[in-house]
Amino acid sequence: MKPSHPEHAAPAHGAAMQQIAPVICYPVDGLPRPDLAPFRVARADWQKLSETLVPARDARCFDVPAGHFFRITSVEGPQVGDLNLWNAQDLHERFYSGKTRALHGTHLSTGDRMWTAHPYLRPMALITDDSLDWYGFDAFGGAVHDVIGTRCDPYTHNLLSKGGQYHHCCHSNLTRALADARALPLAEAERHVHDVLNVFMCTGFTRDTGQYFMKASPVRPGDYLEFFAEIDLLGALSACPGGDCSSEHSSDSAACHPLLVEVFRPLAPPAGWVSPMVNGYDRSHGRNG
Ligand SMILES: [Zn+2]
């Protein structure tokens, strides 16, 4: 956090520097924006392949073959979800929230992609529909579906609560779900858990101090976020112990609800769609031989 009373006086050029307008780090003009029309056509005659109900304060894994859609839907009451995604064939290729944020901004919506980590860096999922796209950014700078938070975890809770032990943070829920789905020891599964897409969570940074904030999610039963799987995916979704994240997480005090994950198979893949190859960088890093 920046000091309210800086120790160093501004130099002569200080004010002028602060006036310079920002430039976008990664102009997305270089990335082809997906044409959603073929995805909408493919969606028209899809059939449900499976569904998974994620219990409150817990997580479940689900598989989504490449070329299929999946939807996360609020049921029963306002609830946010922490989403992890992996290449179903290689858990090392996983969602990269930091680069997704750099490419698409702090909060995702329809037409944005979720990217995999280095050295793969390719799209793993495309967001094809978002019933909360009307929310936009509110007067506090808050918006839904962020890639700026991490996931609530028992280590941070231990630090901030001076020794507290809480076992249903999203980090632990995701760890147990992955361990169960892939028959992994907990310690090994934990290493694959990563920073999430905060589905339905309403967050931002305070304008004065730059601190991460959360506020009551506008999600209501029936609201959904829909994805198209670009590669074979293993997903894990945690119904956060924060509930709608209007007050606190890392405890059992918030009202929590389940979340529904449904997987759909279109009769034919979207016209023109091909599963993306891994990134084209040659990985020599400037060394020859
Ligand atoms: Zn959480």
Self-check item: Derivation of the side-chain contact (heavy atoms from CB on, under 4.5 Å) call for His104 and Tyr26
Solution: CA-CA 9 Å; His104 296 303; Tyr26 294 102; over 6 Å; no

Quiz item: Can you list every pair that meets side-chain hydrogen bond (donor to acceptor under 3.5 Å, both in side chains) and has a residue in residues 121-131, with sequence neighbours left out?
Solution: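 Found Arg43-Asp129, Glu93-Arg122, Ser109-Asp130, Thr128-Glu226, Asp129-Tyr224, Asp130-His145, Ser131-Asp223.
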
Practice problem: Sequence neighbours left out, what pairs pass side-chain hydrogen bond (donor to acceptor under 3.5 Å, both in side chains) with at least one residue falling in residues 254-270? | Solution: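 Output for this query lists Lys48-Glu262.
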
Please report the interatomic distance [atom1]([X]) to [atom2]([Y]), rounded to the nearest 0.5 Å.
X: Trp115; Y: Thr100; atom1: CH2; atom2: OG1; value: 8.0 Å
X: Thr106; Y: Phe205; atom1: OG1; atom2: CZ; value: 7.5 Å
X: Leu186; Y: Arg191; atom1: CG; atom2: CZ; value: 12.0 Å
X: Thr116; Y: Asp90; atom1: OG1; atom2: CG; value: 10.0 Å
X: His171; Y: Asp195; atom1: NE2; atom2: CG; value: 10.5 Å
X: Arg151; Y: Leu197; atom1: CZ; atom2: CG; value: 13.5 Å

Quiz item: Going by an N to O cut-off under 4.0 Å, is there a salt bridge joining Asp58 and Arg60?
Solution: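 Between Arg60 and Asp58 there is a salt bridge, with a charged N closer than 4.0 Å to a carboxylate O.
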
Quiz prompt | Ion pair Lys2/Asp208, N-O distance below 4.0 Å | solution =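 Salt bridge between Lys2 and Asp208, a charged N being under 4.0 Å from a carboxylate O: no.
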
For [X] and [Y], does a side-chain donor sit closer than 3.5 Å to a side-chain acceptor?
X: Gln165; Y: His157; answer: no
X: Ser238; Y: Asp82; answer: no
X: Thr209; Y: Thr206; answer: yes

Quiz item: What residues form a side-chain contact (heavy atoms from CB on, under 4.5 Å) with Met17, not counting sequence neighbours?
Solution: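 Met17 satisfies side-chain contact (heavy atoms from CB on, under 4.5 Å) with His13, Ile20 only.
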
Practice problem: Check the pair Val219, Asp244 against side-chain contact (heavy atoms from CB on, under 4.5 Å), reporting the backbone distance first and the verdict last. | Solution: CA-CA 8 Å; Val219 69; Asp244 70 352; 5.7 Å; no

For the residue pair [X] and [Y], is the inter-centroid distance of their aromatic rings smaller than 6.0 Å?
X: His194; Y: Trp86; value: yes
X: Phe137; Y: His107; value: yes
X: Phe69; Y: Phe227; value: no
X: Trp273; Y: Phe228; value: yes
X: Tyr120; Y: His92; value: no
X: His118; Y: Tyr96; value: yes

Find out whether [X] and [Y] are in side-chain contact, i.e. whether some heavy atom of one side chain is under 4.5 Å from a heavy atom of the other.
X: Asn87; Y: Phe95; answer: no
X: Met201; Y: Cys240; answer: no
X: Phe39; Y: Pro266; answer: no
X: Val80; Y: Val144; answer: no
X: Ser217; Y: Cys245; answer: no
X: Pro218; Y: Tyr135; answer: yes
X: Tyr155; Y: Cys169; answer: no
X: Pro258; Y: Gln79; answer: no

So which atom in [X] and which in [Y] form the shortest heavy-atom distance, rounded to 0.1 Å?
X: Leu126; Y: Pro34; answer: CD1-CG, 3.5 Å
X: Cys256; Y: Ala56; answer: CB-CB, 3.7 Å
X: Arg57; Y: Arg176; answer: O-NH2, 4.2 Å
X: Asn173; Y: Ala59; answer: O-CB, 3.3 Å
X: Val147; Y: Arg101; answer: O-NE, 2.7 Å
X: Pro38; Y: Pro270; answer: O-CB, 3.7 Å

Exercise. Kindly determine whether Leu259 and Phe200 satisfy side-chain contact (heavy atoms from CB on, under 4.5 Å), including the steps that lead there.
Key: CA-CA 11 Å; Leu259 289 169; Phe200 304 140; 4.0 Å; yes

Quiz item: Does the pair Asp112 and Arg33 meet the rule for a salt bridge (charged side-chain N to carboxylate O under 4.0 Å, His left out), with working shown?
Solution: CA-CA 8 Å; Asp112 289 331; Arg33 191 78 181 162; 3.2 Å; yes

Joint hydrophobic cluster, [X] plus [Y], side-chain heavy atoms closer than 4.5 Å:
X: Val75; Y: Val199; result: no
X: Leu36; Y: Ile127; result: no
X: Val193; Y: Ile72; result: no
X: Phe264; Y: Leu85; result: no
X: Leu49; Y: Leu234; result: no

Self-check item: Asp146, Thr203, Thr150 screened by side chain to side chain donor-acceptor pair (under 3.5 Å) with Asn198, the one that passes
Solution: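 Passing option: Asp146.
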
Please determine whether the number of non-hydrogen atoms from other residues, nucleotides or ligands lying under 6.0 Å from atom [atom1] of [X] exceeds 12.
X: Leu267; atom1: CG; value: yes
X: His285; atom1: NE2; value: yes
X: Gln47; atom1: CD; value: no

Self-check item: Step-by-step side-chain contact (heavy atoms from CB on, under 4.5 Å) determination, Val196 to Cys170
Solution: CA-CA 10 Å; Val196 300; Cys170 290; over 6 Å; no

Quiz item: Looking only at atom types and distance, does a side-chain atom of Ser74 sit under 3.5 Å from a main-chain N or O of Gly222, one as donor and one as acceptor?
Solution: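 Absent.
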
Exercise. Go through the steps for Phe213 and Phe140 under the test ring pair (Phe, Tyr, Trp, His ring centres under 6.0 Å), then give the verdict.
Key: CA-CA 10 Å; Phe213 72 74; Phe140 302 95; 7.1 Å; no

